[in-house]
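Notes follow the structure.
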Number of protein chains: 2
Amino acid sequence: MLADVAAAAGVSATTASYILNGRAAQMRIAPETDERVRAAAARLGYRPNRSARSLRTRRTATIGLVSDQIAGEQYGSSMLTGASLAARELDHLVVMGESGGDADLERLLLEEMRERDVDGIVYATRTARTIHLPDALRGVRSVLLNCEDPDERYASVLPDDEGGGRTAAATLVAAGVSEVWVVGEDPTPEATAGPRRMAGIRAGLAEAGLELAGVVACDWSVTEGFAATTRWLAGGGRAEGLVCMNDRVAMGVYQALAEAGLRVPDDVSVVSFDGSALAGWLRPVLSSVELPFTELGALAVRRLLDSDDHGGTETVPMVVRHGGSVRTARDGPA
Amino acid sequence: MLADVAAAAGVSATTASYILNGRAAQMRIAPETDERVRAAAARLGYRPNRSARSLRTRRTATIGLVSDQIAGEQYGSSMLTGASLAARELDHLVVMGESGGDADLERLLLEEMRERDVDGIVYATRTARTIHLPDALRGVRSVLLNCEDPDERYASVLPDDEGGGRTAAATLVAAGVSEVWVVGEDPTPEATAGPRRMAGIRAGLAEAGLELAGVVACDWSVTEGFAATTRWLAGGGRAEGLVCMNDRVAMGVYQALAEAGLRVPDDVSVVSFDGSALAGWLRPVLSSVELPFTELGALAVRRLLDSDDHGGTETVPMVVRHGGSVRTARDGPA
DNA sequence: CACCACTGCTGAATCGAATCAGCCGCATCA
DNA sequence: TGATGCGGCTGATTCGATTCAGCAGTGGTG
């Protein structure tokens, strides 16, 4: 208790409080007294009671993070790691809640967090998409993570999917690939990653004077990627380079190509999005444009706790992690 | 504020408090008054201030979860989902912290949680193993998740790796496989999963009058699984059935078998541990003994909040998820 | 009629910090 | 010499709940 420290140092609790909160100078405390109090605090292992402090200050040094299901997700959960570490650096802790997409549970979680007077809430979604801001979030300082509300001017943190698309295209172009197909179509209407990546891919190709040769539509899963690619190949489909909408699709594509006797990268160059661990497990290692999940989570928290931040969408660049799935330029057709 | 509710209902804050805390009967409050107060609370949308409550009661309806890196982990992060949902069911919230294996950061996180008066702490590790209980955990109600301290009688929740080993063996035995090799050796001395699975496998085989034919040693990764299996095959290694220590090893094994022209399950039956999403992505789908991560997380929280729980290790069964990687019995050699 | 038990409720203290307003003593200045 | 200012500190209040101890009023009892 603060009172114990004060007693041990022979001062009032008021003085001890000022000193331990770094307001000694402002309060004209004698350096000698300052030191005496700090020494007492250290000796007694003083740790302020956060509940008491929060009751007065209305601040808890705790932030909330609510998501549909980023914890259970394969590797989007690194957003949690990033958020947790960034929070720690700014002397905060994270209370998390996962709604599983249940709107009632979500509201409940948000309310529980408000009751606990969290200093802010990060509202995250597993897949990048547009959302309708939950009412329970109104009036609370918050940052949207991996999602945005087009109707509101909320602070929002997203991966730069369009830039990622350009990078993917540029990676193939640099290898001398001139005929590029995309595998994977956006599965859900509100998801933003697909359209943005597509736009980036087209733009990247256009810069090289190329056009997208075609699209193999499928959901973003291994099985769908495999099935769609198999059908496409069976129908005579061929391409020098494939851009897969994520690593799982790419895995399905690998399987389909292998069954058709086509080799990566000799016959087909493959680039993908995600940069997940899976990319590193494939043979050859998949070149993939990485979703910077850890950084996204960290940035969301930093913006949340930065009182100078006044909203708007901020994107984090997506960088390609090179594997061996894209032929090197000199392997190209002469 | 409680005072507002009390005023609106024309009673004292004391009375309102008793009623809203369900102690009306005990305090002999008139049913009519009870109703009036509840109505007022509902009308005003009363939400108690948790900090104020915690200051008095020393309870926060919040638990801590500290881990080395379960959030960033591929699918161990479902422990978080399980913990979060179980906590919610028991009217608690979870504050999480990830130390990344840094002992100083871990201590800091544990102390921050104590300062916040959490009602208990779940201490989790990414991989099942024995640990030395952190000092900062002493004196705090806690449950170890996916780890245990052999020197202490702490409450601990673990997957039943030995049972899982038996199940893996039984799965192959049931398919008529009689020559079984294991791929993957325990990478680290303190990890418990490996030895326990091995013991289970041997026991399961013994029940069928069989012995383990051999072990292909390697770290638990795709690349190591591939490399070791490739070397083994090149050296003339053959087996009817392989038990892989996890799904990543199995993926490497698949790759090695494919390159050697061996087919799963026609030439080799494969069983694995983890039951991760990866198992479902492989072709054929990998039969894998599932690590019940969600249930482990939930159980840890339930035990933490169950004041009748007095410690000891509790294991959760591992169930096999059947894919197509084990030949069916009638395919067996006549 | 005094005493008691019981019903139904409330006043005041408490949890541990933060913080406003102000006090005391000494030096300075007119 | 008295007013003023400043350095250095503290008393008392506050945050919003929980909870102990106890107080009116009523009806029953001997």
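As the structure is a prediction and not an experimental result, all values here were calculated from the model. To find a chain, count down the sequence lines: A is the first, B the second, and so on, and within it residues start at 1.
- In this model, the phosphate group of C:dG16 is approached by a side-chain N or O of B:R58 to a distance below 4.0 Å at OP1 or OP2.
- Contacts classified as salt bridge (Lys or Arg N to Asp or Glu O under 4.0 Å) and involving residues 54-63 of chain A (residues at least two apart or in different chains) are not found.
- A:I63 places a side-chain heavy atom less than 4.5 Å from the side chain of A:L305.
- Proximity of B:S77 to A:L80: side-chain heavy atoms (C-beta onward) are nowhere separated by under 4.5 Å.
- The local environment of CD in A:E190 is crowded, with over 12 non-hydrogen atoms from other residues, nucleotides or ligands closer than 6.0 Å.
- Under the ring pair (Phe, Tyr, Trp, His ring centres under 6.0 Å) criterion, B:F293 pairs with B:Y75, not counting sequence neighbours.
- For A:R47, the salt bridge (charged side-chain N to carboxylate O under 4.0 Å, His left out) partners are B:E111, B:E115, not counting sequence neighbours.
- Atom pair B:N49:CG and C:dG16:P shows a separation of 17 Å (rounding to whole Å applied).
- At least one side-chain heavy atom of B:L299 sits less than 4.5 Å from a side-chain heavy atom of B:R303.
- Axis deviation across the helix from C:dC1-D:dG30 to C:dA30-D:dT1 amounts to 80°, comparing end segments of five pairs, rounded to 10 degrees.
- At the heavy-atom level, B:T33 lies under 4.0 Å from the strands shown only through sugar-phosphate atoms.
- B:S84 is listed as a side-chain neighbour of A:M96, based on a closest heavy-atom distance under 4.5 Å.
- Counting 5' to 3', DNA chain D first comes under 4.0 angstrom of a heavy atom of chain A and last does so at the ends given by D:dG7 to D:dG16.
- Applying the salt bridge (Lys or Arg N to Asp or Glu O under 4.0 Å) test to every pair with at least one member in residues 139-151 of chain A, sequence neighbours left out, gives these pairs: A:E148-A:R196.
- In this structure, B:P159 and B:N146 have side chains that are in contact, with non-hydrogen atoms separated by less than 4.5 Å.
- Residues satisfying the salt bridge (charged side-chain N to carboxylate O under 4.0 Å, His left out) criterion with A:E290, sequence neighbours excluded, are A:R321.
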* Between protein and nucleotides 19-28 of chain C, map the contacts as a letter string: B base, S sugar-phosphate only, - none, heavy atoms under 4.0 Å, written 5' to 3'. => BB--------

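- The salt bridge (Lys or Arg N to Asp or Glu O under 4.0 Å) analysis of residues 127-136 of chain B, with sequence neighbours excluded, yields the pairs B:D68-B:R129, B:D135-B:R138.
- Contact check for A:S67 versus A:Y123: no side-chain heavy atoms found under the 4.5 Å cut-off.
- Sorted by residue number, the list of members of residues 110-121 of chain A with any non-hydrogen atom under 4.0 Å from DNA chain C is empty.
- Annotation: side chain of A:I121 is in contact with side chain of A:L110 (closest heavy-atom distance under 4.5 Å).
- One can place CD of B:E32 at 8 Å from P of C:dC9, the figure rounded to the nearest angstrom.
- Remark: B:M1, B:L2 in residues 1-12 of chain B come within less than 4.0 Å of DNA chain D through at least one heavy atom.
- Counting non-hydrogen atoms under 4.0 angstrom, A:R50 reaches nothing in the nucleic acid.
- Not a single salt bridge (charged side-chain N to carboxylate O under 4.0 Å, His left out) links B:R114 to another residue, sequence neighbours left out.
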